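A quick write-up on the structure given underneath.
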Amino acid sequence: MSSGARSGCNETPIPPFTAAHEALRAEVRAFVAAELRPHADAWETAERFPDGVFRAVAARGWLGLACGEDADHVAAAVFTEELARCGSGGVAAGIGAHGGIATPPVARFGTAEQRARWLAPALRGELIGALAITEPDAGSDVAALRTRASEVDGGWLVSGAKTFITNGVRAHFYVTAVRTGGPGHGGISFLVLERGEGITARPLRKLGWHASDTAELAFDEVFVPHDHLLGERDRGFALIMANFQWERLLMALGAVGSMRAALERAAPVLGGRGAGQAARHAVAAMATRAEAGAALTYHALRRFVAGGDAVREVTMAKLHTQRACFEVHDELLGLLGPDRELERAARDARLGPIGGGTDEIMREILGRML
Amino acid sequence: MWELQGERLIGAAGAVAGAQRAFDLTLAYARERHAFGRPISSFQVTRHKFAEMATKLEAARQLTYTTAWRFANGEYPVREISQAKLYASRIACEVADECIQIHGGAGYMREYGVERVWRDLRLNRIGAGTDEIMLDVIGRSLGL
């Protein structure tokens with residue numbers, strides 16, 4: 001069982017990981033254990049975590065790993081995998097939404113002025129960002145989004161609603177998908193909305209991710225200047241699709257880290273000679289499922305960093321790991337009995353087969369392309 | 001031991017009822033919720049999910065009713081009671097989980113109600129004898 005419960009700290013790094021990445025892994029693991037995990041219970045109960053956490057992560061240079069000229073997506077992957085050990089899916093989600101999905105579009109599609117205004121302070125943890133795409137009536141069907149940006153003198157007036165937005169209440173800026181053109185995927189643009197007049201945010205209570213600030217947003221004629229347009233007008237759908245691959249890969253990596261951490265705790269109890277045969281076999285099956293998920297995810301990561309089309313691999317990795325992560329935690333909960341951390345991790349993991357594109361959407365993408 | 005059997009049978013009935021409630025809520029939601037220009041209930045995958053759930057629910061309900069009828073008529077069918085408790089609790093969790101999935105993001109939010117059914121039903125596989133205990137009882141009843 002020792003191989004199934006391997007820590008993930010490879011002594012001989014396997015590509016795409018290098019010795020430097022494994023050193024980073026050890027550093028992040030120590031930080032997470034010392035600075036985040038001890039507070040997980042309190043932050044879950046409070047249903048929030050301090051803004052200072054963003055600054056603490058930023059101070060180590062870990063918020064911008066996937067941004068800019070010297071972006072290292074493998075390093076960002078290591079960070080995400082290790083962050084999953086913080087004991088709160090909500091904390092990981094808040095940091096991940098900021099560094100993994102809200103800031104990369106600004107880095108990739110923003111002008112020098114836009115990067116100076118939002119990205120630089122965001123990577124220092126001084127500004128917190130959110131990505132606002134999903135709407136109450138447009139979830140999986142992204143191209144159906146209706147938040148309207150009407151052109152006026154000097155910019156746009158934005159009206160509409162967004163939902164399930166991570167960091168939604170506390171965000172200083174929202175990278176927001178709006179409709180600037182006609183219906184369908186051709187009329188979507190991205191605007192950066194700054195917190196202020198016309199924007200109201202309502203926190204949402206959830207099955208898990210309790211420490212995450214997840215909100216429903218209402219925009220009421222929010223004035224947005226022309227220079228807040230990110231990328232090309234009416235070409236926002238391409239930005240959504242580009243971002244989805246990275247978001248799904250991050251989710252897969254988070255699940256890999258989470259499953260490994262759970263199995264490390266469970267294997268010594270359930271996998272030894274003293275445990276029952278049924279439990280021993282169950283752990284063996286779970287470890288195999290987790291290891292297959294890790295291998296598939298690293299394969300997708302290699303394809304992604306190589307720059308080729310990784311849609312197939314990323315989609316498979318997301319589909320495999322999200323359901324596996326929930327079921328591993330759920331099954332361990334049954335085998336180990338009452339356990340606060342496992343119970344929370346199971347609830348947190350249940351978001352996986354829904355967020356970032358449901359399992360059904362993943363199967364639809366794969367079914368059409370295979 | 002006699003009281004425990006009654007509790008397990010009630011647990012089975014409660015599991016079926018809880019899952020049926022999630023099913024009903026979700027059926028109404030799926031008929032109303034539109035994606036890609038049509039109600040999500042009209043997608044083949046969704047229709048099959050409901051068919052699967054309805055079949056599991058009916059099997060669990062009939063196993064529970066039949067066992068309850070025998071119990072009420074003076075029998076002491078420990079094996080079937082354990083099977084009803086095990087099966088109903090398990091499929092109730094599966095049904096509630098599928099209901100969350102059909103709701104998508106809304107399923108994860110407290111205000112839609114299915115997430116509470118999902119959380120509450122998970123206890124049925126632990127309380128009054130875990131799944132593993134039910135399997136042990138059933139196995140022993142087969143002389144193993």
Side-chain angles (χ1 to χ4, degrees), chain A residues 47 89 133-144 162-166 183-184 202-210 212 214-216 276 278-279 282 322-323 326-327 330-331 333-338 343 346-361 363-364 367, chain B residues 22 29-30 32-50 86 89-90 93-94 96-127 129-136 138-139 144:
Chain A
E47 301 202 356
I133 298 177
T134 300
E135 298 186 357
D137 291 315
S140 295
D141 189 2
V142 180
K162 296 287 176 184
T163 196
F164 314 149
I165 306 305
T166 306
R202 178 174 74 93
L204 297 169
R205 304 199 71 203
K206 307 169 293 299
L207 168 60
W209 282 28
H210 287 176
S212 165
T214 309
E216 185 173 84
Q322 302 308 296
R323 181 42 76 172
F326 166 67
E327 288 184 4
D330 187 66
E331 197 172 348
L333 191 59
L335 293 172
L336 290 171
E343 183 271 329
R347 282 188 290 102
D348 288 348
R350 187 59 187 83
L351 187 86
I354 300 170
T358 62
D359 282 1
E360 288 71 19
I361 293 292
R363 292 190 196 102
E364 192 66 28
Chain B
Y29 180 84
E32 187 189 302
R33 174 79 181 177
H34 282 63
F36 304 100
R38 52 200 261 213
I40 60 170
S41 60
S42 72
F43 288 99
Q44 186 184 36
V45 164
T46 314
R47 201 160 63 239
H48 286 194
K49 283 181 194 290
F50 279 109
L86 176 72
S89 307
R90 277 185 171 171
C93 288
E94 289 166 12
D97 195 81
E98 196 72 279
C99 287
I100 284 194
Q101 193 63 25
I102 292 168
H103 273 78
Y108 205 69
M109 303 297 139
R110 291 220 172 149
E111 55 201 271
Y112 287 83
V114 285
E115 69 85 31
R116 186 168 70 217
V117 178
W118 183 95
R119 281 187 290 113
D120 288 351
L121 282 171
R122 188 62 180 80
L123 185 77
N124 283 61
R125 293 180 52 197
I126 300 167
T130 62
D131 285 4
E132 289 71 25
I133 296 292
M134 292 306 104
L135 289 167
D136 274 343
I138 297 162
L144 300 172

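Throughout, a chain's letter reflects where its sequence line sits, starting with A, and its residues are numbered from 1. In this text the structure is predicted, and so the values were computed from the model without any measurement.
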### Candidate pair B:Tyr108 and A:Phe164, rule side-chain contact (heavy atoms from CB on, under 4.5 Å), full reasoning
CA-CA 10 Å; B:Tyr108 205 69; A:Phe164 314 149; over 6 Å; no
### Test log, rule side-chain contact (heavy atoms from CB on, under 4.5 Å), inputs B:Phe50 and B:Glu98
CA-CA 9 Å; B:Phe50 279 109; B:Glu98 196 72 279; over 6 Å; no
### Query
Between B:Val114 and B:Ile102, does a side-chain contact (heavy atoms from CB on, under 4.5 Å) hold up when you go through it step by step?
CA-CA 10 Å; B:Val114 285; B:Ile102 292 168; over 6 Å; no
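Closest approach of A:Ala282 and A:Glu331 over heavy atoms only: CB-OE2, 3.5 Å. A:Asp348 and A:Trp209 get closest at one heavy-atom pair: OD1-N, 2.7 Å.
Note: A:Asp330 leads A:Leu204, A:Asp330, A:Thr214, A:Thr163 in heavy-atom pairs under 4.5 Å with chain B. With chain B as the partner, the residue from A:Glu343, A:Arg205, A:Arg350 showing the most heavy-atom pairs under 4.5 Å is A:Arg350. Ranked by heavy-atom pairs under 4.5 Å with chain A, the first of B:His34, B:Gln101, B:Glu115, B:Arg122 is B:Gln101. When the candidates B:Arg33, B:Arg119, B:Arg125 are compared by the number of heavy-atom contacts under 4.5 Å with chain A, B:Arg33 comes out ahead. Most heavy-atom pairs under 4.5 Å with chain B: of the set A:Arg347, A:Glu364, A:Glu360, this distinction falls to A:Glu360. Contact count against chain A (heavy-atom pairs under 4.5 Å) is highest for B:Gly105 among B:Gly105, B:Gly37, B:Cys93, B:Gly104. Of the listed residues (B:Leu135, B:Asp131, B:Thr130, B:Asp97), the one with the most heavy-atom contacts under 4.5 Å to chain A is B:Asp97.
Looking at B:Glu111 and A:Arg202, a side-chain N of the basic residue comes within less than 4.0 Å of a carboxylate O on the acidic one, giving a salt bridge. The pair A:Glu327-A:Arg323 meets the salt-bridge criterion, with a side-chain N (NZ, NE, NH1 or NH2) lying under 4.0 Å from an Asp/Glu carboxylate O.
When heavy atoms are compared at a cutoff of 4.5 Å, A:Ala138 approaches chain B solely by way of its backbone atoms N, CA, C and O. B:Glu132 touches chain A through its side chain: at least one heavy atom from C-beta onward sits under 4.5 Å away, while N, CA, C and O do not. For A:Pro338, no part lies under 4.5 angstrom from a heavy atom of chain B. Residue B:Arg116: no heavy atom, backbone or side chain, is found under 4.5 Å from chain A.
Between B:His103 and B:Tyr29, the ring planes lie parallel to each other; the angle is under 30°, not in the 30° to 60° tilted range.
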